[in-house]
Amino acid sequence: PRPAPFLVSKMLYSEYSSAYSEAHSMNTLSFREKTILGTLIATLAVTAGYYINVAPLLVRGAALYEFLGPAIVAVVATVIVQIVNQVLIASTDVEVPVDERDRHVDLRATWFAHATLYSCCVLGIGAVITASIMDLPLLPAIVVHAVSASITLADVVRYITQLFGYRCLV
């Protein structure tokens, strides 16, 4: 018989716990942790900047093409910040090969991200049905930005879960 999934995760974490704890104190971050933290900060900063800039457009019910400029700026800013982040990290650290613990942390983080995205989809479908029943106008720009925010939220949940997996579950 196969052990329960929670027992497998406890076994994986306990197996790597002592070796990882000795090699990494709370004062140092591994290559993956630095990458995840940099990506999380970049995602939050660029997304916050984007939504602050497009909030007036959303309030006045602008057409979708009016969001194209800020969206392009956000994508370019994300790419530039990620490149700078990776160059800075690569100049100070060396990436180690992926092991079972990394795969387990990624799997758990992906599960939480998918659960978040699916929950947002269910809420979004509920909002669309409610708007149609109550004859409320549903602007395409709001729907597009709600979907974009849901995807970003799922990414943020993934990054936080990965950091939590690397830092707190060992």
(message) side chain to side chain contact (heavy atoms under 4.5 Å, CB included), that's the test. Do S30 and V96 meet it? Break it down for me.
(response) CA-CA 9 Å; S30 69; V96 295; over 6 Å; no

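- Between the side chain of T47 and the backbone N or O of L44 there is no donor-acceptor pair closer than 3.5 Å.
- Closest of all the heavy-atom pairs between L139 and G61 is CD1-CA, 3.8 Å.
- Taking every heavy atom of both residues into account, K34 and T92 meet most closely at NZ-OG1, 4.1 Å.
- The hydrophobic cluster containing Y159 does not contain F112, counting ILVMFWY residues as joined when their side-chain heavy atoms lie under 4.5 angstrom apart, directly or transitively.
- Note that CG of L58 is 11.5 Å distant from CG of N53, once rounded to the nearest 0.5 Å.
- A ring pair (Phe, Tyr, Trp, His ring centres under 6.0 Å) check over residues 120-140, counting only residues at least two apart or in different chains, returns nothing.
- Atom CD of Q162 is separated from atom CD1 of I160 by 11.0 Å, given to the nearest 0.5 angstrom.
- Pairs engaging residues 72-88 under the side chain to side chain donor-acceptor pair (under 3.5 Å) rule: T39-Q82 [sequence neighbours left out].
- Under the 4.5 Å side-chain heavy-atom criterion for grouping Ile, Leu, Val, Met, Phe, Trp and Tyr, V79 is not connected to Y50 through any hydrophobic cluster.
- Atom-to-atom distance recorded for D106:CG and R103:CZ is 9.5 Å, nearest 0.5 angstrom.
- Looking at heavy atoms from C-beta onward, F31 lies in side-chain contact with T35 at the 4.5 angstrom threshold.
- For residues 61-72, every residue pair satisfying the side chain to side chain donor-acceptor pair (under 3.5 Å) rule, not counting sequence neighbours, is listed here: R60-E66.
- With contacts defined as side-chain heavy-atom distances shorter than 4.5 Å, the pair V144/F67 does not qualify.
- At a threshold of 4.5 Å between side-chain heavy atoms, the hydrophobic network of Ile, Leu, Val, Met, Phe, Trp and Tyr places W111 and L117 in two separate groups.
- With rounding to the nearest 0.5 angstrom, the OG1 atom of T116 is 12.5 Å from the CD1 atom of I151.
- Using a 30° and 60° split on the angle between ring planes, Y51 and H145 fall in the perpendicular class, above 60°.
- When the side chains of ILVMFWY residues are joined at heavy-atom separations under 4.5 Å, either directly or via intervening members, V81 and L88 end up in two distinct hydrophobic clusters.
- When every heavy atom of L64 is checked against every heavy atom of P140, the shortest pair comes out as CD1-CB, 4.1 Å.
- Nearest approach of V157 to T161, heavy atoms of both residues: O-OG1, 2.7 Å.
- A side chain to side chain contact (heavy atoms under 4.5 Å, CB included) with Y166 is found for exactly one of D102, L37, L29, namely D102.
- Smallest separation of non-hydrogen atoms from S150 and C120: OG-CB, 3.3 Å.
- Linking ILVMFWY side-chain heavy atoms closer than 4.5 Å, directly or via other members, places V73 and I80 in two distinct hydrophobic clusters.
- In this structure the side chain of V105 never reaches within 4.5 angstrom of the side chain of R32, judged on heavy atoms.
- T110 pairs by the side chain to side chain donor-acceptor pair (under 3.5 Å) definition with R158, not counting sequence neighbours.
- Screening residues 122-132 for side chain to side chain donor-acceptor pair (under 3.5 Å) gives no qualifying pairs among residues at least two apart or on separate chains.
- Clustering of Ile, Leu, Val, Met, Phe, Trp and Tyr side chains at separations under 4.5 Å places L136 together with M134.
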